[in-house]
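Note on naming: letters A, B, ... go to the chains in the order of the sequence lines (proteins, then strands), and numbering restarts at 1 for each one. On a predicted model such as this, the values are computed, not experimentally measured, just so you know.
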Amino acid sequence: MEHREGALGKDALTLWLVQSTIARGRVLDVDAEAALAHPGVVSVLDHTNAPILGQGVDEPDLELMVLQSTEVRFRGQVVAAVLAESAEAAREGAALVRVSYAEQDAEVEFGPDTTLEIPDKVNPDYDATSDDGDVDAALAQAEVVVDQTYRTPYEHNNPLEPHATTALWDGERLRLVEASQGPYAVASSLAPLLGLDVADVVVTSPYVGGGFGSKGMAHAPAMTAALAAITAPRRPVRLAVTRQQMFALTGYRTRTVSHFRLGARPDGVLVAIDHDVVEQTSRWKEFAEQTATSTRTMYAAENRRTVHRLARLDVAVPSFMRAPGEMPGMFAHEVAMDELAVACGVDPIVLRERNEPTVDPETGKPFSRRRLVECLQRGAELFDWAERPDDARSRADGVWWVGTGVASSTYPAKVMPANQATVTSCEAGEYRVEVGAVDIGTGSRTAMKQIAADALGVDPSCVQLEMADSSIGPATVAGGSSGTASWGAAVVAAAQLFRADHGDSPDPGLQTTASAADIPAAEDHALHSFGAIFAEVRVHRWTGELRVPRLLGVFSAGRIVNPVLARSQFYGGLIMGLSSGLHEDSYRDPRFGHVVTQDLASYHVAAHADIGDVRAEWLDEEDFVVSPMGTRGLGEIGIVGTAAAIANAAFHATGVRVRSLPVTADSFVS
Amino acid sequence: MSVQLSVDGRRVDVNVDPRTTLLDLLRERLDVIAPKKGCDHGQCGSCTVLLDGRRHLTCLALAVAQDGAEIVTAEGLAGGPDGEHDLHAMQRAFLEHDGYQCGYCTPGQICSAVGMLAELADGHPSHVSPDLTAAPKATDEEIRERMSGNLCRCGAYVGILAAIRQSAQASA
Ligand code: FES
Ligand code: FES
């Protein structure tokens, strides 16, 4: 982690994790003798000597109950940790720890015979099922039916900065410098298990090298560092999670299987949508990806059913990865729509226009803004869609089949409650603005400074911004594309209240703290961003190699606070979408339960050479129903639909329909 | 074991554990934190520096083997830790073209780009060079190919390419 000034002093010990080599069973013994004999090793923590966690806590989060019992719940679980004077010694020590196990049978993959359960809710709090009209009857009568299954693989967030924690225990307070998307969230999830007040766990995250969801909650390594720090008072303990360890310990996207049935009239107008999702979670902590929720909002249809079914497995706990739910769900939905367009002989853009709802199909509420059709039309213009041949496999350029494809994108606009900001007047017309949220590399600091300056009516140079510190007060996670709207609303509220209380030329030292005001109209509207993604794909006639020379996203995502930052978010989403379309695949060994592709040489992400002409545009708009700045959030929408646009373009190029991600060369060589 | 090397113009003489990588020596012992550890396995490029003038992955280099080496990190390219006012042309180009998002890959991208343009100038061909014996040109395709050892998970590739293209044109 990059925080020299935030480092907790010299003289740090290094911690190294020892992970289980079985997927289920019990630890019989942790033999630390050889490790302790290694020069530089200070101690070895295991379930016999780790500080006790979770006393008096009902249903503690098992992911954070590190080294508390002999139970092994997944392969790669932390079963010991070695503390040493140097990283070299800690790593060597970890290799010398001998763990013996009583192994039990584990279930680590789901298939046709796996027991499935419908969860109570899907992430974060959506209904697991929906059922409107009579889907089966409508499908039975529909003139055109698309009935297909779509698959997305396990994926790992892999921010380029690995997870890392530095922890210091002074006997009363725990200080953590943590690579986190939410310092306050980390403090409030660790504190109760440690038997501490939230105020006594101070988490700072001054610079963070990306997260994409994996740093959206505290994971086991952070707690392990906290435990180790408690055993070594007054010495900082540094833990750098290795890239390989991240594949077991810091969250991932579940594999999903979406069975779609679309029923339509011959002109493509939908009469029924049925989306049945099968996915997995860990047996011991539930995370149910909301794969079908966007299906409830996307297109008009009188009959619609969605359901999520979960397999509970002996595996690492899945969690947020950029656009959880929308990304895999919209891959399925948007490829299915392309299949429907082909089946009806209707242009894919026209098909989507014909199925545009006037109100939110799920709630019946009007959308605050719904400009999907405009996005599609603007994109069509920019992408020369009019030139596109109707038929698949009808354009070649030398040895390359060439095709173009489109997909819609959507992401809900969320404003998180419980954010707090403080404005303090300083000397010379300057203001200190504090909000506990973090900038994980998206440019939130810049956006918050702009918003604060705007709300105070001063130049940005007059605003000193303090962020990334849990002790500032409650602030929600940099995730769910909610940061700018949620923290910004608190900043605006604090600035307005400050002005109301203290006027335009306050004496130095006056202070106002406030939380965001509710926007009553938000309740009466459906709040979503929309976009249209266009891709050109070339498929090599002999090798099946895929290239994406052009990728375009046009978005309706509320007001853009800062065009440079916004473009970077859209590009980043589009490129991560391309990466998922072509490369990303965490292969889990069905015998042992670990991810085999657990490094960046085998878990491929998009590199420079994969990227062609990538463009992002947005429609000018403001959405004051969502936030006082008129913003809706843009971190995630770029990844949604992108892989579908690529798969659809690959179909258009070759006539070969690929229904599972990633789309790879083998599908095109027969 | 003792090694002497030059880091960003500073002479250092250190005793190192034979297991210590050059990356750990720089970051953990010498407080030179411009190179980043994204993978520790030579798979991401974030630890790239210029070693004796050529781009090099410091996570794949053992410190003991670097006696006499001259190392320039992204920090050194800017003329040292206080060098903000004296940024390297490549760094200015990254700023101008928004060649980063979180910034974690950036020091490696910048060192790699500087080293890569020198390789181009020296006439080294790449996988995409149409003619292995002709002098390669800094086309977009060449730049993308030659920079593909430097991953950017934030997907700042569009700006990175624009920055390198500008530097290549300025130095051509
Ligand atoms: S840290 Fe050296 S290549 Fe990734
Ligand atoms: S800018 Fe974040 S990894 Fe490149």
Side-chain angles (χ1 to χ4, degrees), chain A residues 2-4 12 14 40 86-89 91-92 157-162 164 207-212 238 240 242-244 439-443 564-565 567-579 599-616 638-639, chain B residues 16-21 24 27-29 31-34 36-46 59 63 81 97-109 112-113 116 126-128 140-161 164:
Chain A
E2 295 316 304
H3 40 66
R4 271 300 181 255
T14 299
S86 71
E88 290 81 1
R91 183 178 192 168
E92 186 89 31
N157 313 54
N158 277 310
L160 202 58
E161 176 208 47
Y207 296 98
V208 180
F212 315 113
R238 302 178 59 201
T242 68
R243 182 62 60 187
Q244 288 74 11
D439 183 339
I440 59 168
T442 57
V564 175
L565 302 180
R567 191 169 290 115
S568 182
Q569 284 305 305
F570 290 138
Y571 282 163
L574 288 165
I575 288 172
M576 200 176 274
L578 177 149
S579 187
D599 61 26
L600 294 173
S602 48
Y603 185 86
H604 295 160
V605 303
H608 279 278
D610 296 310
I611 307 306
D613 174 17
V614 178
R615 281 200 280 168
I639 198 178
Chain B
V16 292
D17 186 314
R19 297 169 295 192
T20 303
T21 61
D24 282 347
R27 292 184 55 88
E28 308 302 329
R29 298 280 308 280
D31 246 16
V32 176
I33 58 167
K36 306 288 185 264
K37 187 185 285 188
C39 71
D40 216 16
H41 277 58
Q43 300 167 346
C44 75
S46 64
C59 70
H97 293 279
D98 197 37
Y100 47 82
Q101 189 177 106
C102 76
Y104 198 78
C105 70
T106 315
Q109 301 275 3
S112 189
M116 182 272 291
S126 83
H127 171 64
V128 300
D140 286 0
E141 198 189 5
E142 284 280 4
I143 294 172
R144 285 178 176 131
E145 171 64 24
R146 289 163 190 261
M147 289 300 294
S148 283
N150 289 84
L151 300 177
C152 176
R153 187 55 162 158
C154 299
Y157 295 125
V158 176
I160 296 171
L161 175 71
I164 299 175

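- Smallest separation of non-hydrogen atoms from A:Pro162 and B:Tyr104: CD-OH, 3.8 Å.
- Only the side chain of B:Ser46 comes within contact range of chain A, with heavy atoms under 4.5 Å apart.
- Closest approach of A:Ala89 and B:Arg19 over heavy atoms only: N-NH2, 4.0 Å.
- If you measure heavy-atom distances from A:Ile611 to chain B, the contacts under 4.5 Å come from both the backbone and the side chain.
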Evaluate salt bridge (charged side-chain N to carboxylate O under 4.0 Å, His left out) for B:Lys36 paired with A:Glu161, printing each intermediate quantity in order. CA-CA 8 Å; B:Lys36 306 288 185 264; A:Glu161 176 208 47; over 6 Å; no
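- Between the side chain of B:Gln101 and the main chain of A:Ser568, a donor-acceptor pair closer than 3.5 Å is present.
- Within the 4.5 angstrom heavy-atom criterion, only side-chain atoms of B:Gln109, from C-beta onward, approach chain A.
- With a 4.5 Å cut-off on non-hydrogen atoms, A:Thr14 does not touch chain B at all.
- Separating the CZ atom in A:Phe212 from the SG atom in B:Cys154 is a distance of 4.0 Å, to the nearest 0.5 Å.
- Every residue was checked against the salt bridge (Lys or Arg N to Asp or Glu O under 4.0 Å) condition with A:Glu88, not counting sequence neighbours, and none meets it.
- For the pair B:Arg153 (side chain) and A:Ala606 (backbone), a donor-acceptor distance under 3.5 Å is absent.
- Contacts between A:Gln569 and chain B at a heavy-atom distance below 4.5 Å involve backbone atoms as well as side-chain atoms.
- Minimum heavy-atom separation, B:Gly38 to A:Leu600: O-CD1, 4.4 Å.
- Among A:Ala12, A:Gly612, A:Gly211, the residue with the largest count of heavy-atom pairs under 4.5 Å with chain B is A:Gly612.
- Side-chain contact between A:Leu160 and B:Cys44: present, with at least one pair of heavy atoms (C-beta onward) separated by less than 4.5 Å.
- Contact tally against chain B (heavy-atom pairs below 4.5 Å) for A:Asp610, A:Asp599, A:Thr242: the top residue is A:Asp599.
- The backbone N or O of A:Ala607 lies less than 3.5 Å from no partner atom in the side chain of B:Ser148, so there is not a single donor-acceptor pair.
- Annotation for B:Glu145: atom CD counts as buried by contact number, over 12 foreign heavy atoms lying within 6.0 Å.
- Nearest heavy atoms, A:His608 versus B:Met147: CD2-O, 2.9 Å.
- Among the candidates B:Val158, B:Asp140, B:Val128, B:Leu161, the residue making the largest number of heavy-atom pairs closer than 4.5 Å to chain A is B:Val158.
- Using a 4.5 Å cut-off between heavy atoms, A:Ile575 touches chain B through its side chain atoms alone.
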Start with the C-alpha gap between B:Lys37 and A:Arg243, add the side-chain angles, then the distance that decides, and say whether side chain to side chain contact (heavy atoms under 4.5 Å, CB included) holds. CA-CA 9 Å; B:Lys37 187 185 285 188; A:Arg243 182 62 60 187; over 6 Å; no
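- Applying the salt bridge (Lys or Arg N to Asp or Glu O under 4.0 Å) rule to A:Arg91 yields the partners B:Asp40; only residues at least two apart in sequence or on another chain are considered.
- Between atom SG of residue B:Cys39 and atom OH of residue A:Tyr603 there is a gap of 15.5 Å, rounded to the nearest 0.5 Å.
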